[in-house]
Amino acid sequence: MLVRDTIANAVAAALEKASSDGVINVDSVPEIEVERPNNADHGDFATNLPLRLARAARANPLQLAQLIAERIESTPEIDSVAPAPPGFINFKLSESWLQQQVETVRAAGDSFGACDIGAGRKVMVEFVSVNPTGPVHVGHTRGAVLGSALANTLAAAGYDVTREYYVNDGGSQMEAFYRSVWTRYRQALGQDAEMPENGYQGEYIADIASEIIESEGNRYLDKAEATAVREIGDVARDKMVALIRNDMDAIGVSFDNWFSERSLFQNPDSPSSDYDRAMARLRSGSHLAEHSGALWFLSTAFGDERDNVVVRSSGEHTYFASDIAYHFNKFAERGFDRVIDIWGADHQGHVIRMKAAVQALGIEPDNLTVLISQMVTLKRGDETVRASKRTGDFVTLRELVDEVGMDACRYFFLARAASTQMEFDLELATRESSENPVYYVQYAHARNASILNLAAERGIDYGAGDVSLLTHPNELELIRTMLRLPELVVQVAENLEPHHLPHYAMELATAFHHFYENCRVISADQEDNELTLARLKLVAAAQVAFRRTLALMGMSAPDRMERS
RNA sequence: GUCCCAGUAGCUCAGUGGACAGAGCGGCUGCCUUCUAAGCAGCUGGCCGCGGGUUCGAAUCCUGCCUGGGACGCCA
């Protein structure tokens, strides 16, 4: 149990006692909030319960604080309980309990920070899902980093997490892509072919075409155009997906599943496809209607501004229709308890209709959460870099990672709340790459590691170290900071806000640097022997905290760092 | 026109209704014979966009306005 909860329980019990003692009269008890005060002088935790109770109890909040505080039973965690104006109750953690946590953290190892608020529930995080028509660019990179860190944290919080990439391999944009490759293929073979109007201009199209020529020669030229486009398209799509997979690799993102849009329309094991069944379900609920020759989903019934077409008058289904089938598949077919979609800002207008569709399918709409990852504006100094796939003028994930590095890249994207637009200055990111927070954190870990390495070299066995010797303020500060990781996991998992991770990492690093500066660990002085052993234990525990934090963020934890 | 996001230190951004508003970067001073100075210590720096409201208490909630960005297709 988190200390926070222990304290909340103690407060609740004290309030109950005060009530049965007849000194406090309240009809209803508000939820007990236990928070970390901004000012460390106020202790480790505080509750504002007396302030919230004052009106209902018709009493002075400070007096209430007094009455509750004196009824709080002592626990191993709590050292002191103090009422404070205007009506807080402040808690200080006991030093001996804190010291003991060093052992607890070491013993927990990789499971440190884990909890079970997810209770094994199946949750899918679907993210990136860029159309395989071109390389992944910077905006998508943000979503990739966000999704993977979120998935990591949800897993730590006890959810059964599936990371999924939705491959949009159908639709008209893919058609344009297929035709673009076909055109470049023919041009490369000396034919007179003209790029379609909505074609993709990027150089990578020509690259793919020449790769195909290299491996398969000109054999597609002999085929009928429609066949050639389809076949060469399939090859090109597979190449694009492989490319995207590599890009994801470069940024440290992996998926459990790559889900094909086309598969929604073909289902060999069943008389009907996901698409057919989803549509049937909507039809039976009277959520579909035909007019102007098209089939519409009646989303206005769910508060949307207008209805949306699912089948065009041409008979082709829309992207939205695929998406309905896809979500039907996620919930009804695969049985996910919860689905989190991470979409780019350009899809924000689709959230309402997607939730409406889910509801119309008979699924609790709250089980679907759509996170919008806002725009990333790229700059090089004062110059704004436009990002457009069509013109081929954009900065790719690959270019970004080559320039800034994976860890820095992840850190910068993670550090900003998903809902806010961010500016990414490439020049600045490169220039400051040796002076940025990423290295501050990793350097702390490297310092940590080098102490342990030295201890190993000298064959020091600190297993018997006595943690009760850890009384220096910087030692206790470090322990306190380590202990916030489990709370952080809960917070990130509940609010789906991974941007707290880097901020916590900074604070952990600061606590460690302070400790490093003021508490010599491996002492040359024989008299400090016992303290050395105790501190080595603390260092080992801190290493656990660093590794867990960096792992959640998907960043590497280097044992050595040196300036070149 | 409707909707979404944002406006906090010179810059980039944290801040889950609480007790004197924070970090990194930048700028200015100091500190390496001891586990890595990618570090530490100190200084510099803010009508939390503006006006109302709710509250014992507002950067945080509500509302109006201003500024910037984005979305509003039988595209995906």
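Here the structure is a predicted model, which is why all the values come from computation and not from measurement. Quick note on labels: first sequence line is chain A, next is B, and so on, each numbered from 1.
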Handout entry: side chain to side chain donor-acceptor pair (under 3.5 Å) against Ser314(A), all qualifying residues, sequence neighbours excluded
Key =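 Side chain to side chain donor-acceptor pair (under 3.5 Å) check on Ser314(A) returns Glu316(A).
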
Problem - Stacking of His503(A) on A14(B) base (centres under 5.5 Å, planes under 30°) - result: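 Stack criterion not met.
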
Exercise for the section: Assign each of Ala417(A) and His350(A) to its nearest nucleotide of RNA chain B by heavy atoms, then name whichever residue's nucleotide is nearer the 5' end. Expected result: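 Comparing both residues, the 5'-ward one is Ala417(A).
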
Exercise for the section: Specify the residue among His291(A) and Ala444(A) whose closest nucleotide of RNA chain B lies further upstream toward the 5′ end. Expected result: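 Taking each residue's closest nucleotide, the earlier one in sequence belongs to Ala444(A).
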
Practice task
Keeping to residues at least two apart or across chains, list the salt bridge (charged side-chain N to carboxylate O under 4.0 Å, His left out) pairs with something in residues 436-448 of chain A.
Solution key: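 Not a single pair qualifies under salt bridge (charged side-chain N to carboxylate O under 4.0 Å, His left out).
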
In whole angstrom, what separates [X]'s [atom1] from [N]'s [atom2]?
X         : N      : atom1 : atom2 : value
Leu51(A)  : G57(B) : CG    : P     : 11 Å
Arg52(A)  : U54(B) : CZ    : C1'   : 15 Å
Phe320(A) : C72(B) : CZ    : P     : 14 Å
Leu508(A) : A23(B) : CG    : P     : 17 Å
His347(A) : C3(B)  : NE2   : P     : 22 Å
Ile451(A) : U34(B) : CD1   : C1'   : 13 Å

Problem - Within the 6.0 Å centroid threshold, strictly below: His137(A) and His140(A) - result: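 Ring centres of His140(A) and His137(A) closer than 6.0 Å.
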
Problem - Distance flag, aromatic centroids of Phe127(A) and Tyr166(A), threshold under 6.0 Å - result: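 That pair fails the under 6.0 Å test.
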
Please determine whether a side-chain nitrogen or oxygen atom of [X] lies at a distance below 4.0 Å from atom OP1 or OP2 of [N].
X         : N      : answer
Ser129(A) : A76(B) : no
Arg312(A) : A76(B) : yes
Asn38(A)  : A19(B) : yes

Practice task
Identify whether NZ of Lys or CZ of Arg in Lys330(A) sits under 6.0 Å from the centre of the six-membered ring of Phe328(A) and within 45° of that ring's axis.
Solution key: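 No.
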
Problem - Cationic tip of Arg237(A) above Tyr178(A) ring, under 6.0 Å, 45° of axis - result: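 No.
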
Problem - hbond_proxy Ser313(A) side chain to C74(B) base (donor-acceptor, 3.5 Å cutoff) - result: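 It does, because a donor-acceptor pair links the side chain of Ser313(A) to the base of C74(B) below 3.5 Å.
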
Remember a base hit wins even if backbone is also touched, and classify [X] as base, sugar-phosphate or nothing at under 4.0 Å, heavy atoms.
X         : value
Arg520(A) : base
Ser292(A) : base
Pro85(A)  : base
Gln491(A) : base

On a whole-Å scale, what distance lies between the [atom1] atoms belonging to [N] and [M]?
N      : M      : atom1 : result
C75(B) : A14(B) : C1'   : 38 Å
G53(B) : U12(B) : C1'   : 33 Å
G7(B)  : C65(B) : C1'   : 14 Å

Exercise for the section: Say whether, by atom type as modelled, one donor and one acceptor occur between the side chain of His513(A) and the main chain of Tyr440(A) under 3.5 angstrom. Expected result: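 Pair found, side chain donor or acceptor close to backbone of Tyr440(A).
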
Problem - Charged N-O contact under 4.0 Å between Asp274(A) and Arg262(A) - result: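 Not counted as a salt bridge, because no side-chain N and carboxylate O are separated by less than 4.0 Å.
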
Identify the pairs formed between an N or O of the protein and an N or O of nucleotides 39-45 of chain B at a distance under 3.5 Å, and give each distance.
| residue | atom | partner | partner atom | Å |
| --- | --- | --- | --- | --- |
| G39(B) | O2' | Arg447(A) | NH1 | 2.8 |
| G39(B) | O2' | Glu517(A) | OE1 | 3.4 |
| C40(B) | OP1 | Tyr440(A) | OH | 2.6 |
| C40(B) | O4' | Glu517(A) | OE1 | 3.3 |
| A41(B) | OP1 | His514(A) | NE2 | 3.0 |

